[in-house]
Amino acid sequence: MITKKENIEFGMTLTLVLLVISWWLDKQWLGTAILCLLVCLLFPCLYTPFTKIWFGLAKGLEGGMSKVILFLIFFLVITPVAGIRRMLGKDSLNLRNFAKNSKSIWVERFHSYTKNDLNKQF
């Protein structure tokens with residue numbers, strides 16, 4: 001069920017989009033933006049079918065957009081950085097040493113912990 005508040009939110013969003021279009025492209029959209037604002041304030045129930053479509057679209061995009069954004073971050077940021085590091089010969093994980101011999105690649109530290117080591121852990 002679409003509430004009056006949701007209709008007003010949609011009307012304000014539509015008004016904002018039309019104002020940006022009128023500022024960016026052509027001033028003739030300003031009258032349409034003002035008309036949408038008046039309808040939003042006086043008769044918000046007229047936006048109910050459009051609000052249903054708008055919120056339905058938002059629900060549909062809700063699950064997939066996080067995957068798309070993470071995919072883009074991975075392939076536009078992480079993959080090029082990894083390629084550059086590989087071209088420069090960086091090996092932070094010591095994978096070359098791991099492949100050469102069968103011993104562990106863990107770096108052994110012989111450190112006696114004291115009470116002062118645990119004061120500021122983070």
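This structure is a prediction, so every number in the text was calculated from the model and none was measured.
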Considering all heavy atoms of both residues, which atom of Pro49 and which atom of Leu46 are nearest to each other, and what is their separation?
-> CD-O, 3.7 Å
With a 4.5 Å heavy-atom cut-off, do Phe75 and Pro80 have their side chains touching?
-> no
Under the criterion side chain to side chain contact (heavy atoms under 4.5 Å, CB included), which of Glu6, Lys5, Lys4 is the partner of Ile8?
-> Lys4
Does Leu70 share a hydrophobic cluster with Phe74, counting links as ILVMFWY side-chain heavy atoms below 4.5 Å and allowing steps through other members?
-> no
Find out whether Tyr113 and Leu118 are in side-chain contact, i.e. whether some heavy atom of one side chain is under 4.5 Å from a heavy atom of the other.
-> no
According to the interplanar angle, ranging from 0 to 90°, do the rings of Tyr47 and Phe10 count as parallel (below 30°), tilted (30 to 60°) or perpendicular (above 60°)?
-> perpendicular
Heavy-atom pair with the smallest gap, counting every atom of Thr15 and Ala33 | CG2-O, 3.6 Å
Option among Leu19, Val20, Ile21 that satisfies the side chain to side chain contact (heavy atoms under 4.5 Å, CB included) test with Val17 | Ile21
Are Ile84 and Val81 co-members of a hydrophobic cluster defined by side-chain heavy atoms under 4.5 Å apart?
-> no
Out of curiosity, Asn7 CG to Thr51 OG1, how far, rounded to the nearest 0.5 Å?
-> 4.0 Å
Are any non-hydrogen side-chain atoms of Met12 and Leu41 less than 4.5 angstrom apart?
-> yes
So if you build clusters from Ile, Leu, Val, Met, Phe, Trp, Tyr with side-chain heavy-atom gaps below 4.5 Å, do Leu16 and Leu25 land together?
-> no
Partner of Trp54 by side chain to side chain contact (heavy atoms under 4.5 Å, CB included), out of Leu14, Ile2, Thr13 | Thr13
Is there a side-chain contact between Asp117 and His111, using heavy atoms and a 4.5 Å cut-off?
-> yes
Can you measure from OG1 (Thr114) to CG (Asn119) and round to the nearest 0.5 angstrom?
-> 8.0 Å
Please answer: with hydrophobic residues joined when any side-chain heavy atoms are less than 4.5 Å apart, are Leu37 and Leu42 in the same cluster?
-> no
Roughly how far apart are Cys36 SG and Phe50 CZ, rounded to 0.5 Å?
-> 9.5 Å
Look at atom CZ of Phe43 and say whether more than 12 heavy atoms of other residues, nucleotides or ligands are closer to it than 6.0 Å.
-> no
